[in-house]
Amino acid sequence: MSFTVAIDGPAAAGKGTISKAVAQRFGFAHLDTGLLYRAVGARVAEGEEPVAAAQSLNTKDLARQDLRTQAVADAASNVATNQQVREALVEFQRDFAAKEGGAVLDGRDIGTVICPDADVKLFVTARAEVRAKRRWEELCSAGGDADYDTVLAEVKARDTRDEGRKDAPMRRADDAVLLDTSDLTIEEAIARAVAAIEQARGQGAG
Ligand code: DC
């Protein structure tokens, strides 16, 4: 039986951590859909045409080691505004969502466009300043000498682009549970996501 959990929200709100944790907890497969856009962005940065790159994306692209850099994040956010790129990635995501045994997909448009009928939808967010601080701390602990104000500006610029694009903008689905992690620990945020999924599973069984 399939059971789809759609988790959307902006960068550094905690959706990746929450998605991994709930996938492990319930034994669901997990797809970080941002990686698809990052892999396309990385190939475009190397000179490829965006739509051709999206149409020929393969699992090797998703295993690239350079997908987490800021340059690739920006390239991803840019290719994500291209409607044909988005269309080329729909089928892969929907097939993944229909996996036997359940699936968690995290991204920006999972609950609104990719899986509008998902069994559970969460919109995970946090204040831009909190997200920038988390990202800044990550960069610093990885040995970089990041500047907080620059990180905050990047976070806000990416939000504006992701929310403002014409095709499949980042937005909370009407039936998504809002999870603001600004003042929550990781454990508290995961517990709330688990509770929402358990409630939906209970309703499904009853
Ligand atoms: O979640 P992330 O930071 O890895 O995503 C990188 C970019 O990809 C993000 O700026 C917007 C885009 N994206 C998207 O448009 N739709 C998704 N479902 C996932 C990511």
Side-chain angles (χ1 to χ4, degrees), residues 1-42 54-55 57-64 67-68 72-73 76-77 79-83 85-126 131 158-159 162-163 165 167-179 181 186 189-190 192-201 203-204:
M1 216 182 70
S2 72
F3 185 93
T4 307
V5 181
I7 303 187
D8 292 303
K15 65 183 187 319
T17 306
I18 292 171
S19 300
K20 279 190 212 111
V22 298
Q24 198 182 17
R25 161 85 180 237
F26 293 100
F28 297 157
H30 171 226
L31 178 65
D32 169 0
T33 65
L35 278 186
L36 305 177
Y37 294 90
R38 284 173 184 261
V40 174
Q55 285 169 342
L57 205 66
N58 58 54
T59 44
K60 236 168 80 188
D61 293 315
L62 302 182
R64 285 174 63 141
L67 298 183
R68 292 283 163 209
V72 171
S77 182
V79 296
T81 63
N82 182 320
Q83 185 182 357
V85 165
R86 303 197 71 85
E87 276 167 13
L89 301 175
V90 167
E91 192 181 322
F92 179 84
Q93 296 174 81
R94 289 199 178 139
D95 286 348
F96 193 95
K99 266 181 193 292
E100 275 298 305
V104 182
L105 284 82
D106 75 86
R108 303 290 189 289
D109 63 340
I110 308 303
T112 50
V113 174
I114 303 296
C115 304
D117 298 325
D119 298 278
V120 183
K121 296 181 187 177
L122 297 175
F123 192 82
V124 180
T125 190
R131 291 186 284 122
R158 203 137 72 91
D159 285 355
D162 293 344
E163 286 165 352
R165 65 172 176 244
D167 197 44
M170 173 174 72
R171 117 181 138 70
R172 174 189 172 191
D174 295 335
D175 52 350
V177 174
L178 181 67
L179 182 46
T181 65
I186 291 170
I190 292 170
R192 292 199 192 182
V194 165
I197 295 168
E198 269 170 353
Q199 193 189 356
R201 296 230 297 183
Q203 279 165 4

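All residue numbers refer to positions in the sequence shown, counting from 1. Quick caveat: nothing in here was measured; it's all calculated off a predicted structure.
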Report summary line: Closest non-hydrogen atoms of Arg158 and Ser77, given as atom of the first, atom of the second and distance, are CG-OG, 3.7 Å

Query raised in the report: side-chain hydrogen bond (donor to acceptor under 3.5 Å, both in side chains) with Asp109: which residues, sequence neighbours excluded?
Result: Arg86

Query raised in the report: Below 4.5 Å, heavy atoms only, C-beta onward: do Asp61 and Asn58 meet side chain to side chain?
Result: yes

Requested in this report: Please report the shortest heavy-atom distance between Arg165 and Ala80, naming the atom on each side.
Outcome: CD-O, 3.4 Å

Query - Check: Cys115 main-chain N/O paired with Arg94 side-chain donor or acceptor under 3.5 Å - result: no

Report task. Taking all heavy atoms of Val113 and all of Ala168, pick out the closest pair and write down the distance. Result -> CG2-CB, 3.8 Å

Query raised in the report: For Glu163, what residues pass the side-chain hydrogen bond (donor to acceptor under 3.5 Å, both in side chains) criterion, not counting sequence neighbours?
Result: none

Report summary line: Ala193 meets the side-chain contact (heavy atoms from CB on, under 4.5 Å) criterion, sequence neighbours left out, with Ile18, Val22, Leu122, Leu179

Query raised in the report: By side-chain contact (heavy atoms from CB on, under 4.5 Å), which residues pair with Arg172, not counting sequence neighbours?
Result: Phe123, Ala176, Leu178

Query raised in the report: For Phe92, which residues count as a ring pair (Phe, Tyr, Trp, His ring centres under 6.0 Å) partner, sequence neighbours excluded?
Result: none

Query raised in the report: From Met170 CE over to Thr125 OG1, what is the distance, rounded to the nearest 0.5 angstrom?
Result: 7.0 Å

Report task. Return the set of residues passing ring pair (Phe, Tyr, Trp, His ring centres under 6.0 Å) with Phe28 (not counting sequence neighbours), or none when no residue passes. Result -> Phe3, Phe26

Query raised in the report: So which heavy atom on Pro10 is nearest to which on Arg131, and how close?
Result: CB-NH1, 3.3 Å

Report summary line: To the nearest 0.5 Å, atom CD1 of Ile110 lies from atom CZ of Phe96 at 10.5 Å

Requested in this report: For Ala54, check side-chain contact (heavy atoms from CB on, under 4.5 Å) against everything at least two apart and list the hits.
Outcome: Val40, Val85, Ala88, Leu89

Report summary line: Taken in chain and number order and not counting sequence neighbours, the residues that satisfy side-chain contact (heavy atoms from CB on, under 4.5 Å) with Arg64 are Ala42, Arg43, Glu46, Asp66, Leu67

**Report entry** Option among Val124, Val177, Leu105, Val120 that satisfies the side chain to side chain contact (heavy atoms under 4.5 Å, CB included) test with Ile7
**Finding:** Val124

Query raised in the report: What distance do Ser2 atom OG and Glu100 atom CD have between them, rounded to the nearest 0.5 Å?
Result: 7.0 Å

Report task. Verify, without hydrogens or angle tests, whether Thr181 (side chain) and Ala126 (backbone) share a donor-acceptor contact under 3.5 angstrom. Result -> no

Report summary line: Residues Ala21 and Ile190: closest non-hydrogen pair is CB-CD1, 3.6 Å

Requested in this report: Looking only at non-hydrogen atoms, find the nearest pair between Ala6 and Ala118 and report the distance.
Outcome: CB-CB, 3.9 Å

Query raised in the report: With Arg108, which residues qualify under salt bridge (charged side-chain N to carboxylate O under 4.0 Å, His left out), at least two apart?
Result: Asp162

Report summary line: In short, side chain to side chain donor-acceptor pair (under 3.5 Å) pairs touching residues 111-123 with sequence neighbours left out are Lys121-Asp175

**Report entry** Point-to-point distance, once rounded to the nearest 0.5 Å, from CG of Asp95 to CG of Leu31
**Finding:** 11.0 Å

Query raised in the report: Should we say atom CG of Leu62 is surrounded by more than 12 heavy atoms from elsewhere, each under 6.0 Å from it?
Result: yes

Query - Non-hydrogen side-chain atoms of Thr81 and Asp167 separated by less than 4.5 Å - result: no

**Report entry** Contact list for residues 24-34, test side chain to side chain donor-acceptor pair (under 3.5 Å), sequence neighbours left out
**Finding:** Arg25-Glu198, His30-Asp106, Asp32-Arg68

